[in-house]
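Each chain gets a letter, A, B and so on, in the order its sequence line appears, and its residues count up from 1.
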Amino acid sequence: MLDVKKLRKDFDEVKQKLEKRGEDLGNLEKFEELDQKRRALIQETEELKQRRNQVSQEVAQLKREKKDADHLISETKEVSQKIKAIDEELKETEETLQQLLLSIPNIPHESVPVGEDESDNELARKWGEPSSFSFEAKAHWDLGRDLGILEFERASKVTGSRFVFYKGAGARLERALINFMMDLHQEKHGYEEILPPYMVNRDSMTGTGQLPKFEEDAFGIREEDYFLIPTAEVPVTNYHRDEILEGNHLPIAYTAYSACFRSEAGSAGRDTRGLIRQHQFNKVELVRFVKPEESYDELEKITGHAEKVLQLLELPYRVMNMCTGDLGFTAAKKYDLEVWLPSYNNYKEISSCSNFEDFQARRANIRFKRDQKSKTEFVHTLNGSGLALGRTVAAIMENYQQEDGTIRIPDVLRSYMGNKEYIGK
RNA sequence: GGAGAAGUACCCAAGUGGCUGAAGGGGCUCCCCUGCUAAGGGAGUAGGUCGUGUAAGCGGCGCGAGGGUUCAAAUCCCUCCUUCUCCGCCA
């Protein structure tokens, strides 16, 4: 959510920046009118309330003195009725305004390249070289089938499309990666480990920006107004919702493993094979709550933490600085990490690292005080995947495959895999 | 799921319709006393948000949340949420 005062003050400038996103800005134009109406109604009702409070005092005084107060009482009755009517209108206006504000995306940072879609994303850096093979490399879905470690058919029988069973060494590999990543972030990068709920309520989904605009992307629970989390970002960021943090505790850094659930509405037909786009997948997430002046340094830091995973796994990747048209609703700046995937003969997103500035903090009301006496300020929030597990498994299978159809296990994972060297031998 | 109890400021807690933005503690800040510490004495402070104003300020809201009754609600009524205890069920 944007700062109402800034929007009021620099409306045209903000609008201009938002237009670079190429998104439909909906009713943005209605802001000024609604904002003015709201303030006028507040002034009106508050004046009447002040009057009512005064008269109530007088009534109380008269009653105590056992004097007659009927004339004052009848006056207040009228005033109260007016207040009620104005408050009702005010409430409606505020709700409309709130919905409007919740539907406005974040303002892109000045270092974000202006562009329309993913073809305008900027290459920030590259690590390693795309794998080359002296034999015909297979896609991970074929490797998985041949090795008996990934089963898509049974998953569609048991659940439906875009689900998978991992089996044997496949299941073990996923579990090894979870432990490897969590250990790395916890022990080496200084994150505190969290295991969050996989269902959250509507306020939480609104706090991080999935709602109200993107409800169709989430799985809802029929009996309660709960949602399956699309990422651990939601429960972990909302962990501090409606709190005032102590400035000297910042930055706060959490890492959380969770399953993630996405309806993938609107991506029918995309990435239909393999592990790349599933309704349920695992992810290790990084979340940071930081002071505003540090958030861009922090973005580099969190991106580095995600990159470290790829480096230790020795998977070739590149880092893209997402352009204004490909930023997503909530981010002010976002880097995507893309891993080399032989079956796509291309790089494929495996992590997103974003600085939301105070956009989520305003929605979720997460603030801090520099010290006891200072004013409350909104924190800046960041998160990054560190990493998406399914895609990591796919990348390992494809990049580490051998001519005989086995898969060499990356060195750093061996101790998590019973010291085996290969899957399939 | 059933039965009961409770939710007041940073914490504990008093408060059943008007003089309660809210007693009293604790804490916190300052001062005094004490060789130091512990202890003691005194004074002060009360969160947040919205509106308005250049500002000092002024005003509105606020006692779990939302409605209602009333001229007036922490206090009465309704709904919901959370926590605790007991029973049932259960990984």
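The listed nucleotides are B/rG68, B/rG51, B/rG47; the one nearest the side chain of A/R39 is B/rG51. Side-chain proximity of A/S56 to B/rA72, B/rC50, B/rG47: nearest is B/rA72. For A/K84, taking side-chain heavy atoms from C-beta onward, the closest of the listed nucleotides B/rG60, B/rG68, B/rG18 is B/rG68.
A/N53 has a side-chain polar atom (N or O) that falls below the 4.0 Å cut-off from OP1 or OP2 of B/rC61. Residue A/R52 places none of its side-chain N or O atoms closer than 4.0 Å to OP1 or OP2 of B/rC71. Within the structure, every side-chain polar atom (N or O) of A/K49 is placed at least 4.0 Å from both OP1 and OP2 of B/rG60. In this model, the phosphate group of B/rG60 is not approached by any side-chain N or O of A/R51 to a distance below 4.0 Å at OP1 or OP2.
Residue contacts for A/S74: at a heavy-atom cut-off of 4.0 Å it reaches no nucleic acid atom on any strand shown. Within the 4.0 angstrom heavy-atom criterion, no nucleotide atom of any strand lies near A/D70. Here A/R202 lies out of heavy-atom contact (under 4.0 Å) with every strand.
The aromatic rings of A/F11 and A/F31 lie parallel to each other, their planes meeting at an angle below 30°, with 60° marking the opposite boundary. Ring planes of A/H189 and A/Y191: perpendicular class, angle over 60° (limits at 30 and 60°).
In this structure, A/D87 atom CG and B/rG66 atom P are separated by 13 Å, rounded to whole Å.
Along RNA chain B, the nucleotide nearest A/K63 and the nucleotide nearest A/S80 are compared for position; the residue whose nucleotide lies closer to the 5' end is A/K63.
Between the side chain of A/R202 and the main chain of A/Y226, no donor-acceptor pair closer than 3.5 Å is present.
A/H380 has its ring centre no less than 6.0 Å from the ring centre of A/Y296.
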